[in-house]
J.: 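Following this message is one structure expressed as structure tokens.
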Amino acid sequence: MEKNYQPDALERRWYQQWEQNGCFEPSGEGQPFTILLPPPNVTGTLHMGHAFQHTLIDCLIRTHRMKGRDTLWQAGVDHAGIATEMVVTRQIEAEGGKRDDLTREQFVERVWQWKQESGSTITGQMRRMGASVDWSRERFTMDKGLSQAVIETFVRLHDEGKIYRGPRLVNWDPVLQTAISDLEVVNTDEQGKLWSIRYPRSDGQGEIIVATTRPETMLGDVCVAVHPDDERYADLVGKTVQLPLTEREIPVVADDYVDPEFGTGCVKITPAHDFNDWAVGQRHGFAPINIFTPEARINHNAPEHYRGLDRFAARKRIVEDLRTMGLMVEEKPHTMVVPRGDRSGQIIEPFLTNQWFVKMDELGSQWLETVESGRVEFVPGNWINTYRHWMENLQDWCISRQLWWGHRIPAWHDLDGNVYVGHCEAEVREKHQIADGIALEQDPDVLETWFSSALWAHSTLGWPDPERMQAEGFERYLPTSVLVTAFDIIFFWVARMIMMTGHFTDQVPFHQVYIHGLIRDRDGQKMSKSKGNVLDPIDLIDGIELDPLIEKRTATLMQPAMKAAIEQHTRDEFPDGIPAFGADALRFTFTALAGHGRDIKFDLARCAGYRNFLNKLWNAARFVGMNIGDEALPPLNQMIDDPISNWIRSALNRTIQQIDQALANYRFDLASQALYEFIWHEYCDWYLELAKPALNDESDPARVQSTRRTLAEVLEQALRLLHPFAPFITEEIWQGLRKPLSIQHDYIVTAAWPEAGAIDAAAEGDVGWLKNVISGIRSARTELQLPPGKPMPLLVQQADDSDRSRLIRFNQLIKRLARLESIDLVDSSRDSSDCAVQLCGDLRLLIPLAGLVDIGEELMRLTKQREREQKGLDIVEKKLANERFIANAPATVVEKERTRQQEHQAAIDQLDQQLEKMRQLRS
RNA sequence: GGGCGAUUAGCUCAGUUGGUUAGAGCGCUGCCUUGACAUGGCAGAGGUCACUGGUUCAAAUCCAGUAUCGCCCACCA
């Protein structure tokens, strides 16, 4: 083994071997354990959030595989309609081309090429991270089977009357020129203006004033609304006003949507361009007047003067014209909510178009119950509130998109405007008896990405094809065990999967949903390309120099103005670039950070710390290797009854318990912590040091053999426990233990998960005592500023039988670890005024000063100790002085306090005596 | 407007059903190249558990309120 841990070569080597030897395939035996990978978008490369999530999933998968479960990690990628189209469009533009020059077929072909490229990048990254995926079952949301599932779903929902098409006001992105769902709209507070405009009364009796943030939409006004109880305008209801800039007169109506307190209490109503106004218009029977083209330019329904202007130019001109006409009352700054597309960032227009919808009323209420009843459990549990809130406020789901990349809607139009839904054109013709001579054209729209994602659970298991369902284990693997995902897609994906899988299979897609946090940068900022603070997980694995990192972060910026700031920030945060940590260290960092909070700040220092941890393990393994050799250890008739061995095995068992419990609760952080604590602070810091004398004890071969075996066996089990967290290094070291321990199994990947054995209280007591004695001596040595390496004598006073026994049994160990030349029991009568005294319970450890130390030093040390004890005593006595504490607290608690009081008091007495002696000596 | 969450050491975070002097990692200080490991060892320093009040023998922990920050949802033009 190399002296230093070097992850790069070994990580690549092991992944290949595992994959080639089919380590990741479901075993077909045991209780199934299945996790669906939330399919990453084929928009490029995986980010830190993916790496984090995949680490958690892989950790669960590997653990359960080792536990003997029939483990399936169903992986794949998502076509991600809008996002992928945008990526490819940008590429075409970067090459100097224009998307509009391509036909639909050409463009889709181009996206398929990109999909191949991005898809293989993603799977390559997952392999580097160690994701133990059965790649033979990898799927894509647009492959043949999934397309079949999409068509089947659409047709069946349509036949059930749950899908309909019609003209509705939808969220329209005028730049991408597609509808998007409510969920894809992000509402941001932005600084805008509020204009107050005069609408003259038709009867010439004055005017009314309306306030609006969007004056350009007035061209589509159909009425003005006031509150029914608003006395100021009671006489106006039913009358008409002149709509400025147009020839139209529009009525005044009463509707309690209007808040009389806001502005003037008069609202202009534009049903075609505002969701609220749409509802008002419906109530009062007004036909909406659409004034925009799909690009959001003013159309032919508006006066000639404004036609062709885009929405922003139109606003400007209308405001100017109103001013000129003296109809503008005022203009003031106003903070308002602006809807923007989550992908494009463009301002979204409510726009009247024909779209396809899924009716959500029945679907929603039915599948809320699924979660309320616990058939699907959220972890942490309070996410049920989020889910419930959404399910109780469902709007119909707009599923059609005016894009090219995606599942084409299985509907055909004839020239008379009839629409027929079916699996294919032939089926439609036959079913509706449409002659071949009659032209039919397939609907040009595609389904939104989440429509197919919603089918991910059952469609990846072969649904709806009975043969494939049989072959792919539909019955066996559905419901899956747990979905591991982030909270930002509970609505987009989790809820819709519960609905769709439930509706079509009567199953839940998963029993549990573990919601993890989002990875943010060191400062808690969300990582995003535009902020230039993204990290590529591969760069943490392999390392990256500062300059390439800056180049990477600034190369494809949408706003070049940010470049300097990003460069500066990057130089500040990574002055020396990023060192290579390896995939195992990165994975361990992720699991250690995975508490149940919402935000996870990624700090490079943590990653470095865990790389050091793995280096520590590496060197411990080297030490073990040096001691046990390469050959099979000779069989042992029986282990010698050694408290040190018993203790480390007991501590290991405790650790196994902790990890099992932590993982059962998805507390990856606690599991990581338990591993770190055990491996570093128990096994390395104490056990290896305690084992060293036994390993070299030539006088006792049985003891040597027994210790070697414990050394190797405990390490081997610890490696198995660590394997799901750090798969590569554990495999590498574990392979070296196979021969010495005569392990038949080929890979740690499929080795058995350790089972917790018994806790050995006696051994734990012994070693606890031993640690206290050694630490006490070391501490005294440091405080007295004695050279750490210099051997010195130790005298022990007030040892009881148990102390004496332990002093005898552990004599050599104490001497070695505390660097003593001798340990001698002395009578209580022996004067200790020439010694430093370290209390260890009732035990007095005396270090002869012999002129080594100034008595002043020792007096200070003792005084400090006394202060510490006094502080403890004060707290205890305060409690015990409280009569109600004595009366009300459980007897055990009171007893504990009494014991504690005695201990503190005894220590103080001892220290006082010693202080007194030394003071006398001094004077 | 409604809902959820956070506030513990310089930084990042643990802290179970209330019960030792509130823990860890990183950073910091001192000493140490001791034959596994300086990516290290040993020993330390460092906290008014955001604030106020309440419940209790006992509160970081339970309750109420306040403050600050964050997220989600929502039709006030």
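A note on names: the letters A, B, ... follow the listed sequences, proteins ahead of strands, and every chain is numbered from 1.
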J.: Taking any heavy-atom pair under 4.0 Å as a contact, classify A:R622: base, sugar-phosphate, or nothing.
T.: sugar-phosphate
J.: What integer distance in Å separates A:R606:CZ from B:U39:P?
T.: 21 Å
J.: Give a yes/no on whether any side-chain N or O of A:S775 is located under 4.0 angstrom from OP1 or OP2 of B:A43.
T.: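 Yes.
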J.: Looking at B:A43, B:A14, B:G41, which one has an atom nearest to any side-chain atom of A:K616?
T.: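 Out of B:A43, B:A14, B:G41, the nucleotide with an atom closest to A:K616's side chain is B:G41.
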J.: When rounded to the nearest Å, what value does the distance between C1' atoms of B:G54 and B:A22 take?
T.: 23 Å
J.: Hey, does the side chain of A:R667 come within less than 4.0 Å of B:G15's phosphate (OP1/OP2), counting only N and O?
T.: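 For B:G15, OP1/OP2 do have a side-chain N/O of A:R667 under 4.0 Å.
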J.: Would you measure the distance from the C1' atom in B:U56 across to the matching atom in B:C69 and give it in whole Å?
T.: 32 Å
J.: Just the rounded figure in Å: distance from P of B:A74 to CG of A:D274.
T.: 15 Å
J.: What I want to check is whether the side chains of A:D874 and A:Q870 have a donor and an acceptor closer together than 3.5 Å.
T.: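 On atom types as modelled, these side chains qualify, holding a pair under 3.5 Å.
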J.: Counting only heavy atoms not in A:E190, do more than 12 sit closer than 6.0 Å to its CD atom?
T.: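 It does: A:E190 CD has more than 12 such atoms within range.
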J.: Please work out if A:Y257 contacts a base, only the sugar-phosphate, or nothing of the nucleic acid, heavy-atom cut-off 4.0 Å.
T.: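 Base, at least one base heavy atom under 4.0 Å.
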J.: For residues 607-617 of chain A, please give each side-chain donor-acceptor pair under 3.5 Å, one per line with the distance, not counting sequence neighbours.
T.:
residue : atom : partner : partner atom : Å
A:Y610  : OH   : A:R606  : NH2          : 3.2
A:N615  : OD1  : A:Y5    : N            : 3.3
A:N615  : OD1  : A:N619  : ND2          : 3.4

J.: Whole-Å distance between B:C31 C1' and A:R778 CZ?
T.: 14 Å
J.: Distance check, C1' atoms only: B:G65 and B:G27, in whole angstrom units.
T.: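 Looking at atom C1' only, B:G65 and B:G27 are 37 Å apart.
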J.: Mind checking if A:R781 touches a base, just sugar-phosphate, or nothing, with heavy atoms under 4.0 Å?
T.: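 Since no nucleic acid heavy atom lies under 4.0 Å of A:R781, the category is nothing.
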J.: Between A:A605 and A:W383, which is nearer to the 5' end of RNA chain B once each is assigned its nearest nucleotide?
T.: A:W383
J.: Measuring from the side chain of A:R884 (C-beta onward, heavy atoms only), which nucleotide among B:U21, B:C57, B:A77 has the closest atom?
T.: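 Shortest atom-to-atom distance from the side chain points to B:C57.
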J.: Let me know the distance between CG of A:D256 and P of B:C76, rounded to the nearest Å.
T.: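 So the CG-P distance, A:D256 to B:C76, works out to 16 Å.
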J.: Quantified in whole Å, what is the P atom distance between nucleotide B:U7 and nucleotide B:A50?
T.: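 Each nucleotide's P atom is 8 Å from the other's.
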J.: Quote, to the nearest angstrom, the C1' distance that separates B:A60 from B:U17.
T.: 16 Å
J.: As a test of reading the structure: which of B:A36, B:A14, B:A77 is closest to the side chain of A:V258, going by heavy atoms?
T.: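 Of the options given, the side chain of A:V258 lies nearest B:A77.
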J.: From the options B:C37, B:A77, B:G25, select the nucleotide whose nearest atom is closest to the side chain of A:K3.
T.: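 Given the options B:C37, B:A77, B:G25, the side chain of A:K3 is closest to B:C37.
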J.: Might you confirm whether atom NZ of A:K531 has over 12 heavy atoms from other residues, nucleotides or ligands at distances under 6.0 Å?
T.: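 More than 12 heavy atoms, drawn from other residues, nucleotides or ligands, come within 6.0 Å of this atom.
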J.: Dot-bracket notation for RNA chain B is requested: 5' to 3', Watson-Crick or G-U wobble pairs only, both distances under 3.5 Å, with ( ), [ ], | and . as defined.
T.: (((((((..((((.....[...)))).(((((.......))))).....(((((..]....))))))))))))....
J.: A:N533: which residues meet the side chain to side chain donor-acceptor pair (under 3.5 Å) condition with it, sequence neighbours left out?
T.: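 Residues passing side chain to side chain donor-acceptor pair (under 3.5 Å) with A:N533: A:D521.
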J.: In this structure, are over 12 heavy atoms from other groups packed under 6.0 Å from A:E392 atom CD?
T.: yes
J.: Can you identify which nucleotide, out of B:A36, B:U39, B:U21, has its nearest atom closest to the A:K692 side chain?
T.: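 The answer is B:A36, which lies nearest to the side chain.
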J.: Please give the distance between the P atoms of B:U20 and B:A24 as a whole number of Å.
T.: 16 Å
J.: Between B:C57, B:A14, B:U21, which nucleotide gets closest to the side-chain atoms of A:F885?
T.: B:C57
J.: Remember a base hit wins even if backbone is also touched, and classify A:C684 as base, sugar-phosphate or nothing at under 4.0 Å, heavy atoms.
T.: base
J.: For A:K896 and A:N882, take the nucleotide of RNA chain B holding the closest heavy atom to each; which residue's nucleotide lies nearer the 5' end?
T.: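 Taking each residue's closest nucleotide, the earlier one in sequence belongs to A:K896.
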J.: So which nucleotide from B:C76, B:C37, B:G19 ends up closest to the side chain of A:F262?
T.: B:C76
J.: Provide, to the nearest angstrom, the distance between the CG atom belonging to A:N888 and the P atom belonging to B:U55.
T.: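 The answer, rounded to whole Å, is 15 Å.
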J.: How far does the C1' atom of B:A14 sit from the matching atom of B:A77, given to the nearest Å?
T.: 50 Å
J.: Rounded to whole Å, how long is the line connecting atom CZ of A:F487 with atom P of B:C71?
T.: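 The distance from CZ of A:F487 to P of B:C71 comes to 10 Å, rounded to the nearest Å.
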J.: Can you measure from CZ (A:R388) to CG (A:N393) and round to the nearest 0.5 angstrom?
T.: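 Rounded to the nearest 0.5 Å, the CZ-CG separation comes out at 12.0 Å.
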J.: Considering every strand and a 4.0 Å limit on heavy-atom distances, what is the contact class for A:D603: base, sugar-phosphate, or nothing?
T.: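 The residue A:D603 makes no contact with any strand.
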J.: Look at all strands and tell whether A:L688 reaches a base, only sugar-phosphate, or nothing, counting heavy atoms closer than 4.0 Å.
T.: base
J.: Does OP1 or OP2 of B:G3 have a side-chain N or O of A:T386 closer than 4.0 Å?
T.: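 Answer no for this pair, as no side-chain N or O of A:T386 is under 4.0 Å from OP1 or OP2.
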J.: Test your reading of the model: is there a side-chain donor-acceptor pair from A:R232 to the backbone of A:P260, 3.5 Å cut-off?
T.: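 Yes; judged by distance alone, with no hydrogens or angles, the pair exists.
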J.: I'd like the C1' distance from B:G46 over to B:C28, given in whole Å.
T.: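 Those two atoms are separated by 9 Å.
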J.: So, is A:W618 near the phosphate of B:G40, with a side-chain N or O under 4.0 Å from OP1 or OP2?
T.: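 A:W618 to B:G40 OP1/OP2: no side-chain N or O under 4.0 Å.
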J.: With a 3.5 Å distance limit and no angle check, can you tell me whether A:N696 reaches the backbone of A:K692 through a side-chain donor-acceptor pair?
T.: yes
J.: Between P on B:C71 and CG on A:L518, what's the gap in Å once rounded to a whole number?
T.: 11 Å
J.: For A:H681 and B:G25, is the shortest distance between a side-chain N/O and OP1 or OP2 below 4.0 Å?
T.: yes
J.: Let me know the distance between CZ of A:R388 and P of B:C73, rounded to the nearest Å.
T.: 17 Å
J.: Nearest of B:U21, B:A77, B:G40 to any side-chain atom of A:V267?
T.: B:A77
J.: Looking at A:N612, I'd like to know whether one of its side-chain N or O atoms comes within less than 4.0 Å of OP1 or OP2 on B:G40.
T.: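 Affirmative; the distance criterion is met.
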J.: Of the options B:A77, B:G5, B:C42, whose atoms approach the side-chain atoms of A:D685 most closely?
T.: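 Of the options given, the side chain of A:D685 lies nearest B:C42.
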J.: Hey, does A:E689 reach any base, or is it just sugar-phosphate, or nothing, if we go heavy atoms under 4.0 Å?
T.: base
J.: Does any N or O in the side chain of A:R520 come within less than 3.5 Å of the main-chain N or O of A:K601, such that one atom is a donor and the other an acceptor?
T.: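 No, A:R520 side chain to A:K601 backbone: no donor-acceptor pair under 3.5 Å.
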J.: Please classify the nucleic acid contact of A:W680 as base, sugar-phosphate, or nothing, using heavy-atom distances under 4.0 Å.
T.: sugar-phosphate
J.: Among B:A43, B:U21, B:C73, find the nucleotide with the atom closest to the side chain of A:H389.
T.: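 Selected nucleotide: B:C73.
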J.: Using a cut-off of 6.0 Å, state whether more than 12 heavy atoms not belonging to A:E330 lie near its atom CD.
T.: yes
